[in-house]
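What follows is a set of notes on a single structure, which appears directly below.
Order of listing sets the numbers, starting from 1, for every ligand and every atom in it.
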Amino acid sequence: MSDITRLTAAELAQKLQAGDITSEQATQAHLDRIAAVDPTINAFVTVTAEDALATARDVDERRARGEQLHPLAGVPIAIKDVVVTDGVQTTAGSKMLEGWIPPYDATLVEKIKEARLPILGKTNMDEFAMGSSTEHSAYGNTLNPWDIERIPGGSGGGSAAALAAFEAPLAIGTDTGGSIRQPGAVTGTVGVKPTYGSVSRYGLIAMASSLDQAGPVTRTVLDAALLHELIGGHDPKDSTSLPQPATGYVKAAQEGALGDLTGVRVGIVKELTGEGYQPGVQARFDESVALLRDAGATVVEVSCPSFTTALAAYYLIMPAEASSNLAKFDGMRFGLRVEPTDGPLTAERVMAATRGQGFGDEVKRRIIIGTYALSSGYYDAYYGSAQKVRTLIQRDFTAAFEQADVLVSPTSPTTAFKFGEKLDDPLAMYLNDIATIPANLAGVPGMSLPNGVSDDGMPVGFQILAPISEDARMYRIGAALESALEKQWGEPLINRVPELEAQA
Ligand code: GLN
C-alpha cells in the first residue's frame, strides 16, 4: 500500500503545501487503493477518477504559479451518494434514482469545489438513508474493513468504510438519527453531526427535513474540524440555515490536543449507559471517562428521563417527514418510470408500478408508517404526541447542559454486527441508534470518536454532545480524549485495521 493513503488529511495538506507531494500523486494513490480494495469493500457506488485527477492537476498548476489556495486544496474527498453532484449520478442508494444525473451541486459540494478538493466519487448507503447497516442499499453491501463479515454501520456505511480502508482521507456523511456517528463508531473512524442548520441542506436528498444534517467523516478529530469549517456556514438557499459562520473548530481541536481539561464539566447521561450496552462497549466508555478525569475534567452524572422515549418519537417523526419528502418519486418527474404492462396507462397506475418496483422494503415500511401517523384521526395521537416528546427531550438537554458543558455516552450499544443478523428484525436494527437519536431530535451537535476495541476485536465509539452552536466544545474534548488514548495505544487505533489479504 502506498504510504500516502495512510496520511491524515491535515498531514496530506501540509505535505502538499510544502511541495513534498503533488495533488495528482495523492489523488492517484487513493484511486489505486480504491481499484485494489473496493471490488471487495464496495464503499463506492460511483468513482469519478477523471474528474478527480483533472482537479488535482489544476491545483498543482495553481500552486506552482504561487496562487493562494485553501488549506485543504488538493486533498481528495468522497461524498455520500445522497448529496447531489452536478453531472455525476446520484442514487441515494435507491433503484429509484439509478442513472439520475443532477443538473446542480449541493451547496456543500460547491464549497468543496471552490476549495479545489478532488472528488473521488460517491459512497454507498442505505436506501434514502434509512438503516444502520448499509444492507438496505440497492447497490450491494459495503463491507467493514475491520472484519469483512460485518456491517460498516449505516446509513453512511460507504463513507465510513472508505476512510477505514484508506480509500479516502476525508468524506461527507449525513446524519438524521445517527448515520454519521454510528458508522464512525463501528469502523473506528471519526464522525461529526454538526448543530442542525449549521451546514446547508441545499442539495441533500431529504429524508426527514427537521432532522437531516450533513457533516464530516474522517480519521482524526482535527481532520473533522478542518472539513467542518469548509462545509459549514450560512446559506440563503436553505431556509433553516443558521446565520453564523463555521469557525473556531480547528482552534478548539488544537487546544484540546494539548490535553488540559481543567474546569470542564463532563456529564454522563444515565439513560444512555449500562443495561443493553455490550460489556466491552461499556468498559471502554468507563475507561475513557477516567481519561477525561485525568485530564482535569469534572465528571458528573446527569439524568435525561425523556431520552427513553426518543426512539419511539423518532420512528413517528422521521417516517412522517420521509413519507412526504419521498412523494416526489412518482415516475412523472425524474428518476425511474415503470409503466404497467397490462391494463390502462393511467398516471395513478404508473405511480404505483414505479413506487412498487423503485423502493425497497425498508423505504416502503417507513412510507406506510409515516402516512399512517399523519392520517386524519391519528395525527394527534401519533405525530402530535411525538412532537410533544420532542419538546421534552429538548428540555432535558437544556437542563443537563446547566450541569455539564458536554454530555457523553457510548455512540452505539454494540460493535458491528454480522450481515443478516438484524435484517429480518427492524426493531433490533432501530435500537442501534438509541444513543444517537436524541441529538437529532433536539438539533444539538454530536461527535463519535474511536475509543478502543471490544472483546470481539471490533472498534467502539465514544459520543460527545454539546449545546446548540457550541460545536467547538466537542472538538476540544474530542481532541483531548483522542490524544490521551493515542498515548496509551502508542499509535492511532485505525492503524490496527487488518489488511484485506489477511481476512481472505
Ligand atoms: N439508522 C437511522 C435510521 O434508520 C438513522 C438514519 C440516518 O441518520 N440517516 O433512520
Side-chain angles (χ1 to χ4, degrees), residues 79-83 91-94 123-137 142 151-160 171-187 191-194 196 199 201 204-217 310-323 325-326 359-370 373 386 390 411-414 416-417 421-423 425-448 461 463 465:
I79 297 181
K80 189 178 179 183
D81 212 14
V82 73
V83 182
T91 68
S94 181
T123 57
N124 199 19
M125 53 182 284
D126 285 295
E127 186 175 10
F128 288 108
M130 300 179 189
S132 304
S133 67
T134 313
E135 289 167 292
H136 295 308
S137 169
T142 294
I151 60 104
S155 63
S159 283
I172 294 292
T174 60
D175 191 311
T176 303
S179 286
I180 291 176
R181 289 163 287 158
Q182 181 260 9
V186 302
T187 60
V192 172
K193 183 201 89 75
Y196 179 78
V199 175
R201 286 186 301 111
L204 266 49
I205 297 174
M207 177 196 191
S209 312
S210 76
L211 304 164
D212 297 344
Q213 188 59 196
V217 177
L311 196 70
Y314 174 84
Y315 276 98
L316 287 167
I317 293 168
M318 182 276 304
E321 293 186 15
S323 71
N325 277 325
L326 268 51
F359 289 139
D361 288 350
E362 183 62 25
V363 173
K364 286 180 189 161
R365 183 178 295 128
R366 298 201 194 188
I367 291 174
I368 293 168
I369 296 172
R390 188 174 189 172
T411 307
S412 176
T414 68
F417 44 90
E421 215 178 294
K422 299 186 198 268
L423 211 45
D425 187 352
L427 289 183
M429 185 82 86
Y430 298 169
L431 270 171
N432 231 261
D433 295 312
I434 192 125
T436 48
I437 278 171
N440 300 80
L441 288 169
V444 306
M447 165 189 288
S448 177
Q463 179 174 240
L465 303 168

Check: Strictly by modelled atom types, are Ser132 and Asp433 linked by a side-chain donor-acceptor pair under 3.5 Å?
Finding: yes
Next item on the list: Could you tell me whether a side-chain N or O of Asp212 sits under 3.5 Å from a main-chain N or O of Thr176, the two making a donor and an acceptor?
Entry: no
Note to self: Give me the atom names and distance for the closest heavy-atom approach of Ser209 to Glu321.
What the structure shows: N-OE1, 2.8 Å
Next item on the list: Output the set of protein residues with a heavy-atom contact under 4.0 Å to ligand 1, ordered first by chain identifier and then by residue number.
Entry: Ala129, Met130, Gly131, Ser132, Ser155, Asp175, Thr176, Gly177, Gly178, Ser179, Met207, Tyr314, Tyr315, Arg366, Asp433
Next item on the list: Identify the residue among Asn124, Thr174, Thr123 that makes a side-chain hydrogen bond (donor to acceptor under 3.5 Å, both in side chains) with Lys80.
Entry: Thr174
Notebook entry, point to check: Short question: side chain of Gln182, backbone of Thr436 - any donor-acceptor pair under 3.5 Å?
Noted result: no
Item checked: Test item: Glu127 side-chain N/O and Gly360 main-chain N/O as donor-acceptor pair under 3.5 Å -> yes
